[in-house]
Amino acid sequence: MPASDAMSVHPNTGAVGPPPRARRSLGQNFLVDRRVLARVVDAAELASTDQVLEIGPGRGILTERLADAAGRVVAVELDEVLAARLTARFADRPNVRVVTGDARTVEVGALLDTSAGYKLVANLPYYAATPIVRRFLEMDAAPRVMVVMVQREVARSMAATPGGMSLLAVATQLYGRPRIVASVPPRAFRPAPNVTSAIVRIDVYDRPALRLRSEREFFNLVRAGFSARRKQLRNALSRGLSMPAVDVERLLARAGIDPKRRAETLDLAEWGSLYEVAYPD
Ligand code: SAM
């Protein structure tokens, strides 16, 4: 284990001892591969003026590198024991603030000057990666850039193209442009997870790619389309929207979409057209 990872003792605090055992229930798979670490940091293209929000700093391996490259780092950690150790470890780094909190609910505006823009960089816990990414994409104070480590299947789903689209692909690509930076094998972490991971960078748009009167209604429609993956859109939407198949066919015809197509073949613009006819002004 690298020295900085094992060491979480600060001379002024007296908090001594090895780091606590990884808690699998919190998705604690700590990064130990320095090359992977460099790829995460490089992908974020940090400048000394950048504010960074890190989620799940864990034992601080990424936090340390972010603090070197960015102007300011706010790190939100759910595990109180790890957060206390990190606070001690970074006590002499004025540009690092460690906060005990849950990334699924934390109030970002209270942590950062969001009007100045910020980047989110994280090796996310698997169990909550998708809700965390979606939450930060959808919020008003969204980051400009996200660089996140997630399960490779999730990364592929975010960056999917027509033919392999999913609800997550639509939800990601509505707000930003995702790109898979690298695949990361289980041995890059301790304990090693059972799955392969990937680093994803999402460049978040200033405004969503579609002009929507109601994002809630839009996602009702998309969710209905994907509610029966193997089914033709006509049937999936009829079931998901509780609407007679003839009415669904009429909507699809007006949107210029063949009712025999499946949801995974539609691109974002086609979902936008369908939304326009399904939820007119
Ligand atoms: N950044 C460290 C690294 O790369 O080694 C740790 C990454 S580990 C995959 C995920 C971290 O997220 C753990 O430290 C875990 O305690 C923390 N965590 C889990 N759920 C969280 C949540 N809802 N909000 C904030 N942190 C969370």
Side-chain angles (χ1 to χ4, degrees), residues 1-8 18-44 46 52-70 73-90 93 96-108 110-112 119-136 139 143 146-155 181-200:
M1 184 177 289
S4 63
D5 206 27
M7 205 251 0
S8 44
R21 283 170 68 99
R23 292 171 64 184
R24 280 189 185 266
S25 62
L26 290 185
Q28 293 182 353
N29 300 97
F30 300 107
L31 188 59
V32 293
D33 185 320
R34 298 261 151 196
R35 279 170 308 182
V36 173
L37 181 63
R39 294 210 67 175
V40 173
V41 177
D42 289 350
L46 295 171
V52 174
L53 178 66
E54 185 190 359
I55 290 167
R59 294 176 181 165
I61 186 172
L62 178 56
T63 320
E64 177 111 42
R65 296 289 294 269
L66 295 172
D68 290 341
V73 180
V74 177
V76 178
E77 173 57 60
L78 185 58
D79 184 324
E80 289 176 15
V81 176
L82 290 182
R85 293 175 71 98
L86 281 176
T87 301
R89 172 171 165 182
F90 290 104
R93 302 285 300 258
V96 178
R97 178 175 168 207
V98 180
V99 175
T100 307
D102 188 329
R104 293 167 295 182
T105 51
V106 75
E107 169 69 59
V108 189
L111 304 178
L112 291 162
K119 294 179 175 176
L120 187 155
V121 184
N123 173 14
L124 289 174
Y126 295 123
Y127 81 92
T130 303
I132 290 173
V133 169
R134 286 200 60 182
R135 172 169 190 246
F136 279 87
M139 67 172 57
M146 283 196 207
V147 175
V148 288
M149 178 92 73
V150 295
Q151 194 175 328
R152 186 169 61 181
E153 294 315 308
V154 172
V181 174
S183 283
V184 180
R187 65 173 179 276
F189 306 91
R190 294 277 184 287
N194 298 324
V195 294
T196 298
S197 302
I199 304 165
V200 190

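What you see below is based on every heavy atom in this structure, not just the backbone, and it leaves out hydrogens, waters and symmetry mates. Here the structure is a predicted model, which means the values were calculated and not measured. In listed order, ligands and their atoms are each counted from 1.
- Closest of all the heavy-atom pairs between A70 and V52 is CB-CG2, 3.6 Å.
- Residue contact annotation: R104 has a non-hydrogen atom under 4.0 Å from ligand 1.
- Considering only heavy atoms from C-beta on, V195 stays 4.5 Å or farther from E153 through its side chain.
- The shortest distance between side-chain heavy atoms of R24 and P191 falls below 4.5 Å.
- Salt bridge annotation for D42-R65: absent, with no cationic side-chain nitrogen under 4.0 angstrom from a carboxylate oxygen.
- Scanning both residues, A103 and F136, for their nearest heavy atoms gives O-CE1, 3.5 Å.
- With contacts defined as side-chain heavy-atom distances shorter than 4.5 Å, the pair R135/V106 qualifies.
- Near V76, meaning under 4.0 Å from any of its heavy atoms, are these atoms of ligand 1: 25 (C), 26 (N).
- In summary, the atoms of ligand 1 found under 4.0 Å from a heavy atom of N29, numbered by their order in the structure, are 8 (S), 9 (C).
- Under a 4.0 Å heavy-atom criterion, R23 is not in contact with ligand 1.
- The nearest non-hydrogen atom to atom 8 (S) of ligand 1, considering only G56, A122, G27, comes from G27.
- Close approach to F30 involves these atoms of ligand 1, each under 4.0 Å from a residue heavy atom: 5 (O), 6 (C).
- Polar contact check, L82 against ligand 1: no nitrogen or oxygen pair lies under 3.5 Å apart.
- Side-chain contact annotation: E80 with T100, donor-acceptor N/O pair under 3.5 Å absent.
- Distances shorter than 4.0 angstrom occur between a heavy atom of G101 and an atom of ligand 1.
- For R59, no nitrogen or oxygen atom sits less than 3.5 Å from a nitrogen or oxygen atom of ligand 1, counting backbone and side chain alike.
- Residue contacts with ligand 1 include Y127, since one or more of its heavy atoms lies under 4.0 Å from the ligand.
- Among the atoms of A103, some N or O lies under 3.5 angstrom from an N or O of ligand 1.
- Between D79 and ligand 1, not a single N/O pair is under 3.5 Å apart.
- No side-chain heavy atom of T63 sits under 4.5 Å from any side-chain heavy atom of R89.
- Between atom 14 (O) of ligand 1 and the options E77, Q28, E54, the minimum heavy-atom separation is to E77.
- Looking only at side-chain heavy atoms (C-beta outward), F90 and V73 stay at 4.5 Å or farther from each other.
- Under 4.0 Å from ligand 1, heavy atoms of L78 appear from its side chain as well as its backbone.
- The ligand atoms of ligand 1 that sit less than 4.0 angstrom from a heavy atom of L31 are 3 (C), 4 (O), 5 (O).
- A heavy-atom distance below 4.5 Å is found between the side chains of N29 and Y126.
- Distances shorter than 4.0 angstrom occur between a heavy atom of P57 and an atom of ligand 1.
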